[in-house]
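As the structure is a prediction and not an experimental result, all values here were calculated from the model. Computed over heavy atoms, backbone and side chain alike; hydrogens, waters and symmetry mates excluded.
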Amino acid sequence: MVEFEPKILAFCCNWCSYRGADLAGISRIKYPPNVRIIRVMCSGRVEPEFVVKALSSGADGVLVLGCHIGDCHYIYGNHRTAKRMAILQRLLGYLGIEPSRLRLEWVSAAEGSRFSKIVTEFTSEIKRLGPNPLKNITLQNPTILRDEKR
Amino acid sequence: MEYKNILTTCPYCGAGCGFYLQVIDGELVGVLPCKSHPVSQGKLCIKGWNAHEFVGSPDRLTKPLIKRDTGFTVASWDEALSTVAKKFKECEESHGPDSFAVLSSAKCTNEENYLMMKFTRAVLGTNNIDHCARLCHASTVVGLVQSFGSGAMTNSIRELEDADCILIIGSNTAEQHPLIARYILRAKEKGAKLIVVDPRAITLVQFADYHLRQRPGTDVAVLNGFMSVILNDGLEDKDFIKERTEGIEELKKTVEKYTPEHVEEITHIPKDKLIDAARTYAKAEHASIIYSMGITQHTTGVDNVISTANLAMLTGNVGKPSTGVNPLRGQNNVQGACDMGALPNVYSGYQSVTDEKTRAKFENAWKVKLPEKPGATVVEMMNEAMKGNIKAMYIMGENPMISDPDIGHVREALKSLKFLVVQDIFLTETAQLADVVFPAVSYAEKEGTFTSTERLVQMVRKAIKPLGESKADWQIICDLAQAMGSKEFEYGSPAEVMNEVTSLTPSYGGITYERLQRGGLQWPCPSKEHPGTPYLHKEKFARADGKGKFLGIEFKEPAELPDEEYPFILTTGRTMFHFHTGTMTRRTSLLNKEVPTGYVEIAPADAKRLAIIKGEFVLIQTRRGQIKIKALITERVSEGIIFIPFHFAECAANVLTNPALDPVAKIPEYKVCAAKIEKVQGTSSY
Amino acid sequence: MIGNIRDLARKWLEDKEVDAIFALREQNGYLAPYLFTNVDKLGSMEISTQYRLSYTCRPSKENILSLMQRKEPSTRIGIVARGCEERALIELAKRSQIDLGKTKIMGIACTQEEAIECKCERPYPDNLVLGQKVEGVSQDENVDALLNKSITERLAFWRYQFSKCIKCYGCRNACPMCFCKDCKMEQGVFTETGWLPPEIPMFLFIRFSHISERCIWCGECEKACPVDIPLLTLFKLLRRDIKDLFDYEAGMDMTQEAPLLTTLDEMPMKEELASGI
Ligand code: SF4
Ligand code: SF4
Ligand code: SF4
Ligand code: FES
């Protein structure tokens with residue numbers, strides 16, 4: 001049996017985390033290739049809906065990465081993120097989606113190795129959890145009008 | 001500031017939900033569901049929740065219009081009424097009363113339908129009156145009358161909740177009657193078995209124990225198959241059959257030929273599934289059949305309806321709570337429009353125009369001689385207009401230019417009329433062809449009653465003043481009758497009209513506005529003390545001898561089958577988010593946002609073969625015409641079948657449909673015709 | 001009780017303490033909200049748990065009180081409010097939807113039976129004017145049942161429940177806290193429009209997420225649902241979490257700002273509780 005290779009989506013804020021990821025790349029720090037990065041201006045831009053959309057469209061795990069508290073370029077953007085994601089994790093749990101499929105971390109522009117460490121840890125955690133059961137839940141329903149290629 | 005809530009009845013489907021219209025200083029601000037309503041219980045579907053929006057649409061007609069050389073011009077009521085009265089008189093003098101035809105409306109109140117039928121018969125002197133029931137449930141009225149003696153839903157909506165088995169055939173209940181689906185789901189959660197017989201994987205299929213996916217148009221074979229299994233297993237209700245019915249031998253002779261193997265050949269339903277489903281239905285203590293246009297809109301519509309009645313009687317599932325044969329009527333007041341006699345062959349309460357005693361009763365009441373010969377039905381009217389035999393038409397609140405089959409033909413027919421009067425709230429596709437347009441009012445601006453699909457007569461109350469110079473339909477009819485010299489149309493209010501209805505209509509005999517103010521009443525309600533009737537045929541059937549009648553029905557193929565040139569079966573219907581010809585729902589922002597335009601559902605395998613992708617425009621052609629429409633690839637339809645909702649003028653499914661009629665009910669075959677799909681190059685919308 | 005309420009309403013109107021009283025009226029056996037301006041009509045005033053006076057007009061998406069206040073800003077409105085209605089008004093005022101300065105709350109307590117029927121934890125308002133406070137009900141078997149389910153069972157449960165949804169938007173429409181003009185539930189990017197059932201779980205998730213910290217647990221959403229989806233279960237759980245995380249409860253204290261509208265400095269989060277369950 002082939003090993004389960006999860007799909008992981010990382011939302012990285014433009015000013016810190018994305019640069020941290022960049023640094024990891026430039027410095028040739030290895031991290032699992034499972035992660036796809038979406039750059040957002042601030043982690044505060046990540047609406048809970050984005051996370052759920054990612055999960056229901058096929059991601060097995062979602063990382064939300066922003067500047068450390070106090071460093072957000074929009075001052076309080078990441079304060080919101082912290083609160084929102086905490087509530088979102090609870091909600092996911094009640095809905096039957098493992099809360100650990102979502103992780104929020106702070107990564108600065110200088111923390112290339114921290115980025116790599118988080119991605120590596122998270123990937124193995126998602127591997128342990130297995131495929132996201134929410135994936136294509138609607139697709140499996142024959143009565144739903146849906147284009148097959150979606 | 002004045003703020004109040006006016007209790008009224010939903011103007012959309014036949015479920016008959018109740019809600020309040022919220023009014024601040026004469027302005028409609030919203031809808032509030034009525035929590036004590038017996039059916040809706042404080043819940044509504046998306047259409048009901050948004051039912052106030054179209055009322056204030058800027059497109060509303062507010063003044064009478066007369067078509068002159070330069071197009072429509074605004075006219076005064078006096079001028080519009082006298083023009084119509086004069087033209088109608090001329091027409092009568094030169095061509096006789098049968099040169100008129102009238103379309104009444106399932107959207108208007110009972111009182112208005114009664115007045116319209118009185119106007120047609122007493123003033124115009126013809127029986128040429130019909131309405132869109134012809135296009136949805138004419139087969140029900142004809143079929144159930146033959147089997148049971150009464151052509152209405154036998155049981156009540158709430159009773160569904162306590163059924164042990166629900167068989168849904170040809171009804172997309174969750175989308176078309178969402179508040180009725182509520183009770184189906186509740187039954188299901190209490191452990192009822194759900195059988196869905198439908199070529200499409202409709203929403204409720206998710207919860208079905210059995211989904212029998214028949215080839216469109218083979219419903220008689222399916223139902224006969226059910227009965228052959230039941231008889232074979234000895235699961236029929238022998239006592240019920242002996243005591244309450246007649247004709248069982250005839251039925252047995254017919255259905256025994258429909259063995260599961262034979263049915264599988266005709267319908268493509270695997271025989272084991274059919275057998276299991278039939279047993280499930282037969283073994284249930286309380287089994288309910290729900291059907292709708294999926295079985296009525298066929299050239300075999302009456303046959304289909306009679307077959308459901310056969311099945312219910314065979315298992316003794318009539319005359320008890322939570323059982324019966326339950327046709328779900330599409331329009332809010334299509335039941336009422338039929339009850340009021342907006343039909344070519346009956347007066348109110350289904351009293352035949354050919355019966356001399358009845359006619360004498362109405363002649364007496366209306367002080368006029370009445371025509372004896374039954375009149376023309378909707379599709380016949382259009383044919384007669386084409387031939388030049390019908391010269392003038394009066395259409396109230398209907399839009400045959402979208403709702404009737406083969407629209408191209410309808411357009412020709414309406415254009416060949418000498419004179420067309422349309423009374424509506426919007427300048428519909430049909431009104432655009434009119435010579436005179438009367439601006440009517442919506443349900444929010446008038447008083448009256450609607451009769452829901454479960455025979456529940458309920459009040460409609462006036463929440464706001466009519467917009468501009470528009471008038472209630474009942475007033476317009478009275479004004480026109482008076483302009484034509486009749487003295488029999490002097491009513492002060494709809495309540496007075498209802499008093500006349502009750503005096504002439506036994507089944508409505510006990511219904512008064514006073515009683516209705518405190519809640520609806522289910523007919524038959526023959527006297528002032530009668531509490532109304534939640535389910536029919538309790539002790540005896542409504543037929544003359546009190547027995548239910550089995551009729552052996554043979555399966556017949558639909559009028560048009562796919563062939564090499566037109567290889568697909570096209571079937572039509574509706575979506576959750578729109579209603580009928582869309583005149584109201586397409587003026588409601590949320591509904592438009594949900595479904596902005598039409599689409600054709602194509603099965604993934606067919607799409608692959610034809611290389612059609614989602615959102616691409618395709619050309620659908622039939623022998624009647626062609627439309628360009630967006631493709632939607634979905635497993636809701638099976639291979640070889642395509643589905644188009646008919647609400648949308650820009651890609652009107654009824655350009656394509658076959659006007660072939662059921663021989664008795666004269667209902668057209670909307671549900672099956674042969675079609676082909678062609679790619680339109682370079683038009684992908686993505 | 002209703003006699004006392006009518007008397008007090010008469011007094012408020014006669015003493016010109018308010019210009020109008022917003023309450024329920026009975027007509028032909030039906031109850032509906034009504035704005036009483038004439039003391040002669042007070043005889044038809046009724047109380048009932050059937051309707052909440054804090055509702056938002058649909059589909060114009062404006063709270064009924066804010067609509068009235070916008071139409072006639074100078075009118076002072078007295079409102080007969082139960083606990084949940086008062087909480088809704090406080091939360092609405094906090095979010096600039098209504099002006100509490102122009103209203104006067106006639107708080108009434110619910111009876112024990114009413115509290116049990118609504119499974120209400122706080123069946124009385126702060127401005128209690130009439131009636132006796134009774135104990136709230138903290139037990140909710142739906143909540144307990146959900147918590148006893150494994151994660152897989154929960155998903156299966158909600159998958160079934162959500163697949164019943166007929167996209168009537170009734171839950172949103174009935175919610176006093178859903179007043180956005182531009183509602184995300186309607187937007188095709190999140191939930192593809194025109195399909196039934198609407199995308200699982202996105203469609204209903206949107207509301208759970210948006211209302212989590214505003215919900216005043218009136219239960220109107222659940223009562224409006226034609227297909228009996230136990231929506232309140234999730235809102236109750238979220239409310240509990242928000243109380244744990246931020247020591248915040250919606251609709252209680254006009255001066256306390258909502259956690260998602262404040263920074264970590266203004267309203268800190270108990271970090272140790274922050275990561276999952
Ligand atoms: S219980 Fe429902 S309706 Fe009431 S505030 Fe909470 S989410 Fe809104
Ligand atoms: S669901 Fe969200 S966007 Fe929609 S009205 Fe409620 S809070 Fe606003
Ligand atoms: S009230 Fe129920 S059916 Fe309607 S949208 Fe909300 S969850 Fe869906
Ligand atoms: S800019 Fe990085 S979290 Fe706000």
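- Counting only heavy atoms from C-beta outward, the side chains of Gln517(B) and Gln27(C) never approach each other to under 4.5 Å.
- Per-residue counts of heavy-atom pairs under 4.5 Å with chain B were compared for Tyr169(C), Phe22(C), Tyr51(C); the largest is that of Tyr51(C).
- Only the side chain of Lys71(C) comes within contact range of chain B, with heavy atoms under 4.5 Å apart.
- Going from atom SG of Cys168(C) over to atom NZ of Lys47(B) covers 11.5 Å, rounded to the nearest 0.5 Å.
- Closest approach of Glu72(C) and Asp25(B) over heavy atoms only: OE2-OD2, 4.2 Å.
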Evaluate the criterion side chain to side chain contact (heavy atoms under 4.5 Å, CB included) for residue pair Phe577(B) and Lys167(C); output intermediate values, then yes/no.
-> CA-CA 9 Å; Phe577(B) 302 98; Lys167(C) 215 175 184 188; 4.0 Å; yes

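- Lys593(B) has no carboxylate O lying under 4.0 Å from a charged side-chain N of Glu192(C), or vice versa, which leaves the two without a salt bridge.
- Here the closest non-hydrogen pair linking Glu189(B) and Lys164(C) is OE2-NZ, 2.6 Å.
- Contacts between Phe207(B) and chain C at a heavy-atom distance below 4.5 Å involve the side chain alone, from C-beta outward.
- Proximity to chain C (any heavy atom under 4.5 Å) is shown, for Ser36(B), by both the backbone and the side chain.
- Between chain C and the options Ile6(B), Val595(B), Leu7(B), the largest number of non-hydrogen pairs under 4.5 Å is found for Leu7(B).
- Heavy atoms only, all atoms of each residue included: Met1(B) and Leu35(C) are closest at O-CD2, 3.9 Å.
- With contacts defined as side-chain heavy-atom distances shorter than 4.5 Å, the pair Ile166(C)/Glu175(B) does not qualify.
- Residue Glu514(B) does not touch chain C at all, counting heavy-atom pairs closer than 4.5 Å.
- Heavy atoms closer than 4.5 Å to chain C are found in the side chain of Met576(B), but not in its backbone.
- Looking at Leu590(B), only its side chain comes within 4.5 Å of chain C, counting heavy atoms on both sides.
- No more than 12 heavy-atom neighbours from other residues, nucleotides or ligands sit within 6.0 angstrom of NZ on Lys16(C).
- Lys43(B) contributes no side-chain N or O that, together with a main-chain N or O of Ala224(C), makes up a donor-acceptor pair within less than 3.5 Å.
- With contacts defined as side-chain heavy-atom distances shorter than 4.5 Å, the pair Ile64(C)/Tyr3(B) qualifies.
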Tyr34(C) and Glu2(B): CA distance, side-chain angles, deciding distance, side chain to side chain donor-acceptor pair (under 3.5 Å) verdict = CA-CA 9 Å; Tyr34(C) 183 72; Glu2(B) 192 198 28; 5.2 Å; no

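- Per-residue counts of heavy-atom pairs under 4.5 Å with chain B were compared for Ala20(C), Pro33(C), Gly29(C); the largest is that of Pro33(C).
- Checked against a 6.0 Å centroid threshold, the rings of Tyr20(B) and Tyr30(C) do not count as neighbours.
- Considering only heavy-atom pairs separated by less than 4.5 Å from chain B, the leading option among Gly188(C), Ala174(C), Cys225(C) is Cys225(C).
- Residue Gln22(B) touches chain C through its side chain alone, counting heavy-atom pairs closer than 4.5 Å.
- In terms of non-hydrogen atom pairs under 4.5 Å with chain B, the most contact-rich of Val227(C), Thr37(C), Leu31(C) is Leu31(C).
- When heavy atoms are compared at a cutoff of 4.5 Å, Phe36(C) does not approach chain B at all.
- Put simply, the side chain of Asp228(C) reaches to within 4.5 Å of the side chain of Arg186(B), judged on heavy atoms.
- Most heavy-atom pairs under 4.5 Å with chain C: of the set Gly48(B), Ser589(B), Gly519(B), this distinction falls to Gly519(B).
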